[in-house]
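What follows is a set of notes on a single structure, which appears directly below.
Whatever order the structure lists ligands and atoms in, that order sets their numbers, starting from 1.
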Amino acid sequence: MTATDVLGPHRIVPVVVLDDLARADDLGAALVAGGLPVAEVTFRTPAAGAVMGALAARGDLVVGAGTVITTEQVDLAHRAGATFVVSPGLSAAVVRRCQELDLAVLPGVCTASEIIAALDLGLDTVKFFPAEAYGGLATIKALAAAFPQVRFVPTGGITADSAPSYLAHRAIAAVGGSWMVAPDLLAAGRWDEVAARCAGAVGLYAPSASAELQGASS
Ligand SMILES: O=C(O)C(=O)C[C@H](O)[C@H](O)COP(=O)(O)O
């Protein structure tokens with residue numbers, strides 16, 4: 001399974017940091033309402049595995065695990081029902097375990113050497129992280145010239161304002177970002193705002209779908 005197979009038409013990946021399992025279902029409902037039923041749940045909180053499980057159990061979301069740095073986390077994500085795994089860096093052990101379990105995997109890269117290592121592992125889609133800090137689209141363009149067979153999912157510092165220029169480039173499969181699931185929105189239970197920001201995000205690559213969503217919610 002490749003990352004683009006798993007993501008399907010969705011070209012923005014909400015990156016979630018949630019420490020409160022009780023909020024997972026409301027978050028899932030808001031992502032669905034906003035037309036962006038995708039969540040990369042980062043292993044940055046003790047509740048991450050349970051949050052992944054709760055979101056996956058809904059059955060209407062594509063759920064992935066983020067900040068995965070060990071094979072144990074891959075196994076936990078798999079048991080929780082995640083279908084893709086994202087890592088800030090490239091660990092051959094993590095990639096191979098994902099391949100054994102048929103989980104899509106997006107290892108983080110930011111150099112040509114790391115891209116070559118990803119290609120050696122049989123991958124053609126990688127996360128570019130941390131995107132803005134490592135030169136953003138200009139760096140991806142330079143890397144894509146040398147690796148036309150590779151597609152990138154830049155993440156880190158991307159906003160609703162900067163996402164469109166990334167998404168317009170042929171080498172970009174999708175972008176990751178947290179602006180539609182900002183921790184303060186989740187903590188305050190501002191689910192309408194999460195849904196609205198998701199609909200706005202969808203509008204950055206599928207304007208007609210976003211217009212339908214906005215119409216339905218008004
Ligand atoms: O830890 C990981 O594996 C990550 O994926 C980190 C994410 O890239 C950032 O959390 C994105 O967050 P923003 O920069 O707020 O959009």
Side-chain angles (χ1 to χ4, degrees), residues 3 6-7 10-19 27 30-31 34 36 38-49 51-52 55 62-74 76-78 80 82-95 97-98 103-111 114-115 117-118 123 125-137 139-140 143 151-167 172-188 190 193-194 197-198 200-202 204-205:
V6 169
L7 290 177
H10 308 300
R11 297 195 64 213
I12 295 186
V13 179
V15 180
V16 172
V17 181
L18 184 61
D19 58 9
L27 169 63
L31 294 167
L36 191 54
V38 181
E40 174 191 332
V41 181
T42 59
F43 272 116
R44 296 204 209 165
T45 70
V51 169
M52 267 171 235
L55 291 174
V62 180
V63 179
T67 329
V68 173
I69 57 177
T70 67
T71 56
E72 288 75 19
Q73 288 171 325
V74 175
L76 180 52
H78 183 249
T83 56
F84 70 97
V85 162
V86 186
S87 179
L90 188 132
S91 153
V94 164
V95 170
R97 186 67 184 142
C98 289
L103 293 171
V105 59
L106 285 169
V109 307
C110 56
T111 66
E114 290 161 337
I115 293 171
L123 302 178
T125 306
V126 291
K127 171 173 169 169
F128 177 66
F129 175 78
E132 288 285 305
Y134 276 102
L137 186 57
T139 301
I140 293 175
L143 291 168
R151 299 188 77 209
F152 298 85
V153 181
T155 307
I158 296 177
T159 65
D161 289 334
S162 62
S165 59
Y166 283 98
L167 290 166
I172 308 291
V175 305
S178 64
W179 74 88
M180 71 303 282
V181 286
D184 60 317
L185 297 181
L186 308 192
R190 294 182 58 199
E193 178 65 14
V194 170
R197 290 194 193 184
C198 287
V202 172
L204 301 177
Y205 61 89

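- Near T155, meaning under 4.0 Å from any of its heavy atoms, are these atoms of ligand 1: 7 (C), 8 (O), 11 (C).
- A heavy-atom separation below 4.0 Å is found between V15 and ligand 1.
- S87 places no side-chain N or O within 3.5 Å of a backbone atom of G108 that could act as its donor or acceptor partner.
- Within the 4.5 Å cutoff, side-chain heavy atoms of T125 are placed close to those of V153.
- Distances from atom 10 (O) of ligand 1 to the heavy atoms of E40, M180, E132, R44 put R44 nearest.
- Taking only nitrogen or oxygen atoms, main chain and side chain alike, F129 does not reach within less than 3.5 Å of ligand 1.
- No more than 12 heavy-atom neighbours from other residues, nucleotides or ligands sit within 6.0 angstrom of OH on Y134.
- L31 places none of its side-chain heavy atoms less than 4.5 Å from the side chain of V38.
- Atom 14 (O) of ligand 1 has its closest protein heavy atom at G157 N, 2.7 Å.
- Residues F129 and P154 have side chains not in contact (no heavy-atom distance under 4.5 Å, counting atoms from C-beta outward).
- Every atom of ligand 1 is numbered from 1 in the order shown, and the set under 4.0 Å from a heavy atom of G177 is 16 (O).
- For S178, a nitrogen or oxygen atom sits less than 3.5 Å from a nitrogen or oxygen atom of ligand 1, counting backbone and side chain alike.
- Counting heavy atoms of neighbouring residues, nucleotides and ligands inside a 6.0 Å radius, atom CG of L204 exceeds 12 of them.
- Judged purely by atom type and a 3.5 angstrom limit, T42 has no side-chain atom pairing as donor or acceptor with the backbone of G66.
- Any N or O atom pair closer than 3.5 Å counts here, and K127 shares at least one such pair with ligand 1.
- On a distance-only criterion, T67 and ligand 1 share at least one N/O pair closer than 3.5 Å.
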